[in-house]
Amino acid sequence: MLCCASFKNDEFISKRGRPMAEKITKRSEDYSQWYIDIIVQAQLADYAPVKGCMVIRPNGYAIWEHIQQALDKMFKDTGHVNAYFPLFIPESFMNKEKEHVEGFSPECAVVTHGGGKKLEENLYIRPTSETIIWSMYQKWIQSYRDLPILINQWANVVRWEMRTRLFLRTTEFLWQEGHTAHATYDDAEEETVRMLNVYKTFAEEYMALPVFHGKKTESEKFAGALHTYCIEAMMQDKKALQAGTSHNLGENFAKAFDVKFQDANKELRYVWATSWGVSTRLIGALIMAHSDDNGLVLPPKLAPTQVVIIPIFKDDAEKQQTVDAARKIKMQLIEKNIRVHIDDRDQYRPGWKFNEWELKGVPIRMELGPKDLAAGQVVCARRDKTEKTDKITMKLEEISSKIPLLLDEIQKNLFDRAKKFRDDHTFQASSYDELKKYMEDDAGFVQCFWAGSREDETRLKDEMKATVRCIPFDQSGEKGKCIVTGKETNVKVIIGKAY
RNA sequence: CGGGGUGUAGCGCAGCCCGGUUAGCGCGCUCGGUUCGGGACCGAGAGGUCGGGAGUUCAAAUCUCCCCACCCCGACCA
């Protein structure tokens, strides 16, 4: 069912008149099927028995582990510590913050029974942990000396979505949620912006994903926040994907859970809160930003395997010779902290392996056969450039110096390519009709002046299925007329269709 | 919740209109052999409650009715 359409197409029939084993639907033919094909065939995830849920398979989970590792270090470097709060939240907690409960109630899973008996109080499966965490902060905070509290947790959450998509929106997903407590608004605001910048840096440097960072409009912000910041990326179908958010929660949760501290002047004050998170959705972003018709393309910094070595042999003697050489190369690369895998399986032929590792997105493939050994070289193919003419021949003694550079170059090329794509599909509009035309054509992002209200945003959504993705921090300061109301303003926003 | 689609071997499908041997085909899998620089080939095998239920019939994968599941697209959301 996943690739049935492909088989009917002559292009996918090999010269022997037989369908190829696995083929990915072309991106240009059916973008969302292409996306699914990559996930299923690269074995990143599989559909679970429960509707809307997925199993993250080892190939996919390894990417998540690398994301976790990099982010976790960045969190620690900015002073945060990890902790773990329960999955179950008492129903009464959910009801304490008005906007929060309104925002989340409809999409919560609720446990009503345990141990064969109906529970005294229903337990909500966390859709996010603000309430249970602030119920604890209430116990832990008395003095300004207790602040700030900078806690992060890696966890799963559940949101009962009407419609799900692998990685982008599943009923249960993995994420990290930072929850911090501060003495002043300014401290909280500084934290909110700091963490958004961490996300931007991570997206750009690790994921090779250029993002706009800015503020959400009223109608797009988190339920219960004063304001929400976000990073927004463009996927290859020109739609926007929110890749991370950071909220300044003000005193809302402190008031709901009565969390006060005594300041240096002996006065009791409410604590200021922030929260921020990114999820396994980032894996979806990674796929949609970089991959191609041959499969997954991973940025080297997050690729579970960065270099795969394929020894080419036709008998035991050649196998031993090439695998030995491969092991030596592997040792050299490990010393350079490069993640290497040698594919010495003999049930598959080299060509098959080339295709498989390409499908799985490994940045560099090293081909090592008897001819290469005789010439003291290897042939390298980079995943971001798949033409045969892009293959690089490398002397054995150059490998340990050149491969790290090549990985960096691939990382940079992916970013540059994604940035060029986004810039090429970001337009300026000065009239409503112009904006509408761009949206109807699915042209990409539009930058324009904006002084609209919640109602004006609803109009955008109704008339062109588009939303204000963010109000970028980077503003030129020039003045112009709001695209919808005509009011003079110096605020420019980014509008697009979103996931 | 609306629209579309699919359910037959691990995967992808044919067979269904027009009921009738033992339900086929490709891939994958197992065994043996030849191969091995861009998805090799030969031979021999294993593998099925035809999504579920009821009905029509001498006979149902096939006809009728009901139900279920999943996927895709749209309305809510990270």
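We use all heavy atoms of the structure for the numbers below, so side chains are in, but hydrogens, waters and symmetry mates are not. Each chain gets a letter, A, B and so on, in the order the sequences are listed, and its residues count up from 1.
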Distance check, [atom1] atoms only: [N] and [M], in whole angstrom units.
N: B:rG55; M: B:rC13; atom1: P; value: 32 Å
N: B:rC42; M: B:rG26; atom1: P; value: 11 Å
N: B:rA60; M: B:rC76; atom1: P; value: 50 Å
N: B:rA23; M: B:rG47; atom1: P; value: 13 Å
N: B:rG7; M: B:rC63; atom1: P; value: 13 Å
N: B:rA14; M: B:rU6; atom1: P; value: 9 Å
N: B:rG51; M: B:rU62; atom1: P; value: 8 Å
N: B:rC25; M: B:rC71; atom1: C1'; value: 24 Å

Per [X] side chain, nearest of listed nucleotides [options]:
X: A:Lys461; options: B:rC76, B:rG37, B:rG38; answer: B:rC76
X: A:Gln242; options: B:rC77, B:rA78, B:rG38; answer: B:rA78
X: A:Asn355; options: B:rG38, B:rA78, B:rG37; answer: B:rG38
X: A:Phe173; options: B:rG37, B:rC76, B:rA78; answer: B:rA78
X: A:Ala381; options: B:rC29, B:rC77, B:rG38; answer: B:rG38

Which part of the nucleic acid, if any, lies within reach of [X] when heavy atoms closer than 4.0 Å are counted: base, sugar-phosphate only, or nothing?
X: A:Val379; answer: base
X: A:Asp372; answer: base
X: A:Arg165; answer: sugar-phosphate
X: A:Glu318; answer: nothing
X: A:Thr170; answer: base
X: A:Leu168; answer: base
X: A:Ser32; answer: sugar-phosphate

Worksheet item: Of A:Lys314 and A:Lys465, whose closest RNA chain B nucleotide lies nearer the 5' terminus?
Response: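 Whichever sits nearer the 5' end wins; that is A:Lys314.
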Practice prompt. Please tell me which of A:Lys371 and A:Phe222 maps to the more 5' nucleotide of RNA chain B, matching each residue to the nucleotide holding its nearest heavy atom.
Written response: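 Of the two residues, A:Lys371 wins.
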Cationic N near anionic O, under 4.0 Å, [X] to [Y]:
X: A:Glu191; Y: A:Arg194; value: yes
X: A:Lys26; Y: A:Asp293; value: no
X: A:Glu455; Y: A:Arg459; value: no
X: A:Arg382; Y: A:Asp390; value: no
X: A:Lys391; Y: A:Glu367; value: yes

Find the distance [X]:[atom1] to [N]:[atom2] and express it as a whole number of Å.
X: A:Gln347; N: B:rU34; atom1: CD; atom2: P; value: 17 Å
X: A:Phe313; N: B:rG37; atom1: CZ; atom2: P; value: 11 Å
X: A:Lys388; N: B:rG37; atom1: NZ; atom2: C1'; value: 8 Å
X: A:Met162; N: B:rC76; atom1: CE; atom2: C1'; value: 4 Å
X: A:Trp352; N: B:rC41; atom1: CH2; atom2: C1'; value: 17 Å
X: A:Ile39; N: B:rC71; atom1: CD1; atom2: C1'; value: 14 Å
X: A:Leu359; N: B:rG38; atom1: CG; atom2: C1'; value: 14 Å
X: A:Lys385; N: B:rG38; atom1: NZ; atom2: C1'; value: 20 Å

Worksheet item: Of the options A:Trp276, A:Phe473, A:Tyr199, which is the one that meets A:Tyr229 in a ring pair (Phe, Tyr, Trp, His ring centres under 6.0 Å)?
Response: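 When ring pair (Phe, Tyr, Trp, His ring centres under 6.0 Å) is applied between A:Tyr229 and each of A:Trp276, A:Phe473, A:Tyr199, only A:Phe473 qualifies.
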Worksheet item: Counting only side-chain N and O atoms of A:Arg349, is one of them less than 4.0 Å from OP1 or OP2 of B:rA40?
Response: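 Result: yes.
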Item to complete: Output yes when at least one side-chain N/O atom of A:Tyr47 is less than 4.0 Å from OP1 or OP2 of B:rC72, else no.
Response: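 Yes, within the criterion.
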Worksheet item: Does NZ or CZ of A:Lys239 fall inside the cone over A:Tyr499's six-membered ring, less than 6.0 Å from its centre and within 45° of the axis?
Response: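 Yes; both conditions hold, so A:Lys239 lies above the ring face of A:Tyr499.
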Practice prompt. Indicate whether the side chain of A:Asn156 and that of A:Arg126 have a donor and an acceptor atom separated by less than 3.5 Å.
Written response: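 Present: a donor and an acceptor within the cut-off.
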Discussion item. Ignoring hydrogens and geometry beyond distance, is a side-chain donor-acceptor pair present between A:Ser275 and A:Glu130 at under 3.5 Å?
Written reply: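 There is such a pair (donor and acceptor under 3.5 Å, judged by atom type) between the side chains of A:Ser275 and A:Glu130.
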Discussion item. Looking at the base of B:rG39, is there any donor atom on it, or on the side chain of A:Glu356, that sits under 3.5 Å from an acceptor on the other one?
Written reply: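 Looking at the base of B:rG39, it does not pair with any donor or acceptor on the side chain of A:Glu356 (distance under 3.5 Å).
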Discussion item. Using a distance-only criterion (donor-acceptor N/O pair, under 3.5 Å, no hydrogens), is the base of B:rG38 paired with the side chain of A:Lys391?
Written reply: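 It does, because a donor-acceptor pair links the side chain of A:Lys391 to the base of B:rG38 below 3.5 Å.
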Worksheet item: Can you give the dot-bracket line for RNA chain B, using ( ) for pairs inside the strand, [ ] for pairs that cross earlier ones, | for pairs with another strand and . for unpaired bases, where Watson-Crick and G-U count if both distances are under 3.5 Å?
Response: ((((((((.[[[[.)....(...]]]].((((((.....)))))).....[[[[[..)....]]]]])))))))....
Discussion item. Tell me if the aromatic rings of A:Trp134 and A:His179 count as close, with their centers under 6.0 Å from one another.
Written reply: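 When the ring centroids of A:Trp134 and A:His179 are compared, they turn out to be at least 6.0 Å apart.
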